[in-house]
Asker: 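One structure follows; several queries about it will come next.
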Amino acid sequence: MLQPHTCQRARRSRDARFDGQFFTAVLTTGIYCRSICPAPSPKEENVRYYPSAAQAAQAGFRPCLRCRPDCAPNSAVWNGVDTTLSRAIALIHRGDLQDQNLPEFAERLGVGDRYLRQLFQKHLGLSPKTYALYQQCLFAKQLLHQTQLPIHQVAVASGFNSVRRFNDCFQKNLKLTPTQVRRQTNPASETIQLDLSYRPPYNWDQVQPFLAARTIEGLDACDANSYRRTFQHDGVTGSFHAIHQPTKNRFQVSIELDDLQALRPTIQRIRRLLDLDVDSEAVFATLRECLPEPFPLKQGLRIPGQWTMFEAGVRAVLGQQVTVVAAKKLVRTLIETLGETQGSQRFFPTPRAVAAADLSFLKMPQSRKNTLATLAHHYLTHPEPDQPEAWLALKGIGPWTVNYAKLRGRGDPDVFLGGDLGVKKVVQQHTPDLDPNRAAPWRSYLTMQLWSMY
DNA sequence: ACGACAGACTT
DNA sequence: AAGTACATGAAG
């Protein structure tokens, strides 16, 4: 946690660089704000500082309606914190603690439930469950603001099983009832519309061509200022369309989904696919140390992702030893042959479909077809198939494939693809004595910087 | 490792 | 007058 006098100066100057790093609670109003809040700064003796919005809420304050501290980017606080804790937080943001109890949840992280509790208490000052509920309320608040969904549906989509509990919890966390938060000004529409904001800068000019070069007709599409794609995963089918609004530092996203319960994890995946949660400025500063001045570092670089780990793995295998264009052709054939179709929409094939298929239609070496089949089979037989480290045991899958999948499928921030041909060439040409370890824990962004020069 | 208790959850 | 939507107390 920052020192109080640092917080004081940061909030007086409304310095955007501190946004999200701490929250200012005002005793006289019972409201907590971001450091950038446009409201007149309160007297120092009336404020308390908290490292996270959740803690300010827990102490009885409600989020400010002007600066919306509940919307501040949520990644800054946990940088450098223990990996178990950050993994737990990421899972909670995905909504995994909603339908699992704590012991089960802790087991997935490989620790006991008591220890997990202790970790949360020490770093966040709240229990995992309390934290999860707070996140559910924030999510509900966004839905109330930006959609027309009736309260009951909002409750379900936010992971509550009874409206009674929802109302109660919402009131406790935000000091307002759901209807008080609802704005009546929204136009009615069948699709869910949400704004997903990010911490600037966001280099759309890097992300856009990267995505556009890999689009498959029917599955996804990318134009000058938007990206759309279909998805099918965990029995949920849907699609989204994200329009970039650079002046507002956000994407306007419309989502179609056949099961509202999946809304939270879906949004989480969209955020990851567009890499909305990283603190680009912090990354840039670290990379600058590793690649000093004459090197043309780009601001706001992101890691464009894929929908699932399976898709990332499949694309990595199909991309072995071939160009982006050739890989795209293979992916297209795979989708056209094995993917489900709904009207003009196409879906990425499931592990089951790939495992069951005769892959002779793919124009690539037999050994690679076998690898693809093995990967799909791994998905059908293994309880936690999304752990790419375990893929190394599969024939034909080496470090490059695993790292590529980690980078694009999981959005892992610290993967250096040193073995990649493109990366190698750029390093050789521009910065032969590069030490990638100096870019930790942002080596994935180093990889993207190098790729963007290729 | 374990019991007590708070609070999460349902009706 | 009946029905819908939301909020909330009580109890286990």
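Lettering of chains follows the sequences in order, A, B, ..., and the numbering in each one begins at 1. Values reported hereafter were calculated over all heavy atoms of this structure, with side chains retained and with hydrogens, waters and symmetry mates removed.
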Asker: Could you label the plane-to-plane angle of the Phe251(A) and Trp204(A) rings as parallel, tilted or perpendicular, counting under 30° as parallel and over 60° as perpendicular?
Answerer: perpendicular
Asker: Would one find a side-chain N or O of Ser162(A) under 4.0 angstrom from OP1 or OP2 of dT10(B)?
Answerer: yes
Asker: Name the closest nucleotide to the Thr179(A) side chain, picking from dT11(B), dC6(C), dA8(B).
Answerer: dC6(C)
Asker: Using a cut-off of under 3.5 Å, enumerate the N/O to N/O pairs linking the protein to nucleotides 9-12 of chain C.
Answerer:
unit_1: dG9(C); atom_1: N7; unit_2: Arg164(A); atom_2: NE; d: 3.1
unit_1: dG9(C); atom_1: N7; unit_2: Arg164(A); atom_2: NH2; d: 2.6
unit_1: dG9(C); atom_1: O6; unit_2: Arg164(A); atom_2: NE; d: 2.6

Asker: Verify the neighbour count for atom NE2 of His233(A): are there more than 12 heavy atoms of other residues, nucleotides or ligands below 6.0 Å?
Answerer: yes
Asker: Do Phe284(A) and Tyr445(A) have their ring centres less than 6.0 Å from each other?
Answerer: no
Asker: Quick one: does Gln100(A)'s side chain have a donor or acceptor within less than 3.5 Å of a partner on Asp96(A)'s backbone?
Answerer: yes
Asker: Under 4.0 Å, heavy atom to any atom of DNA chain C: which of residues 101-109 of chain A qualify?
Answerer: none
Asker: Quick one: which of dA7(C), dA8(B), dT11(B) gets closest to the side chain of Thr130(A)?
Answerer: dA8(B)
Asker: Would you tell me whether Ser127(A) and Thr130(A) have side-chain atoms, one donor and one acceptor, within less than 3.5 Å of each other?
Answerer: yes
Asker: Which of the following nucleotides, dC9(B), dT8(C), dA7(C), is nearest to the side chain of Leu133(A)?
Answerer: dC9(B)
Asker: Give me the distances for all protein-to-nucleotides 4-7 of chain B N/O pairs that come in under 3.5 Å?
Answerer:
none

Asker: For residues Trp400(A) and Ala316(A), report the shortest heavy-atom separation together with the two atoms involved.
Answerer: CZ3-O, 3.4 Å
Asker: Could you give the CG-to-P distance, from Asp113(A) to dC2(B), as a whole number of Å?
Answerer: 13 Å
Asker: Show me the pairs that pass salt bridge (Lys or Arg N to Asp or Glu O under 4.0 Å) and involve residues 218-230 of chain A, at least two apart or across chains.
Answerer: Arg229(A)-Glu311(A)
Asker: Searching all strands shown, indicate the nucleotide that pairs with dA10(C) (Watson-Crick or G-U wobble; both distances under 3.5 Å).
Answerer: dT11(B)
Asker: Please work out if Ser127(A) contacts a base, only the sugar-phosphate, or nothing of the nucleic acid, heavy-atom cut-off 4.0 Å.
Answerer: nothing
Asker: Scan Val154(A), Leu196(A), Thr147(A) and name whichever one has a side-chain contact (heavy atoms from CB on, under 4.5 Å) with Gln142(A).
Answerer: Leu196(A)
Asker: So, do His93(A) and Tyr131(A) have ring centers that fall under 6.0 Å from each other?
Answerer: yes
Asker: Any carboxylate oxygen within less than 4.0 angstrom of a Lys/Arg side-chain nitrogen, looking at Arg346(A) and Glu217(A)?
Answerer: no
Asker: Once you round it to whole Å, what is the distance between P of dA1(B) and OH of Tyr115(A)?
Answerer: 16 Å
Asker: Measure from CZ on Phe170(A) to P on dA8(B) and round the result to the nearest Å.
Answerer: 17 Å
Asker: In this structure, is the centre-to-centre distance between the rings of Phe166(A) and His152(A) below 6.0 Å?
Answerer: no
Asker: Check this for me: Arg108(A), atom CZ, are more than 12 non-hydrogen atoms of other residues, nucleotides or ligands nearer than 6.0 Å?
Answerer: yes
Asker: Could I get a table of every N or O pair under 3.5 Å where one atom is in the protein and the other is in nucleotides 2-4 of chain C?
Answerer:
none

Asker: Among dC9(B), dC6(C), dT8(C), which is the nearest nucleotide to the side chain of Thr177(A)?
Answerer: dT8(C)
Asker: From CG of Leu97(A) over to C1' of dA8(B), roughly how many Å is that when rounded to an integer?
Answerer: 11 Å
Asker: Measure from the side chain of Asn161(A), starting at C-beta and using heavy atoms only, and say which of dT8(C), dA8(B), dT10(B) lies closest.
Answerer: dT10(B)
Asker: Is there a Watson-Crick or G-U wobble partner for dA4(B) with both distances under 3.5 Å, and which nucleotide is it?
Answerer: none
Asker: Calculate the interatomic distance between Gln148(A) atom CD and dC6(C) atom P; express it in whole Å.
Answerer: 11 Å
Asker: Looking at the rings of His5(A) and Tyr49(A), which for Trp means the six-membered one, are their centres under 6.0 Å apart?
Answerer: no
Asker: Rounded to whole Å, please give me the gap between CG in Leu149(A) and P in dC6(C).
Answerer: 11 Å
Asker: Would you kindly give the OH-to-P distance between Tyr131(A) and dA8(B), to the nearest whole Å?
Answerer: 16 Å
Asker: For Gln98(A) and dA8(B), give me the distance from atom CD to atom C1', rounded to whole Å.
Answerer: 14 Å
Asker: So, OP1 or OP2 of dT8(C): does either fall under 4.0 Å of a side-chain N or O from Gln171(A)?
Answerer: yes
Asker: Filter on side-chain hydrogen bond (donor to acceptor under 3.5 Å, both in side chains), then keep only pairs touching residues 253-265 of chain A, sequence neighbours left out; what's left?
Answerer: none
Asker: Any chance the rings of Tyr32(A) and Phe61(A) have centres within less than 6.0 Å?
Answerer: no
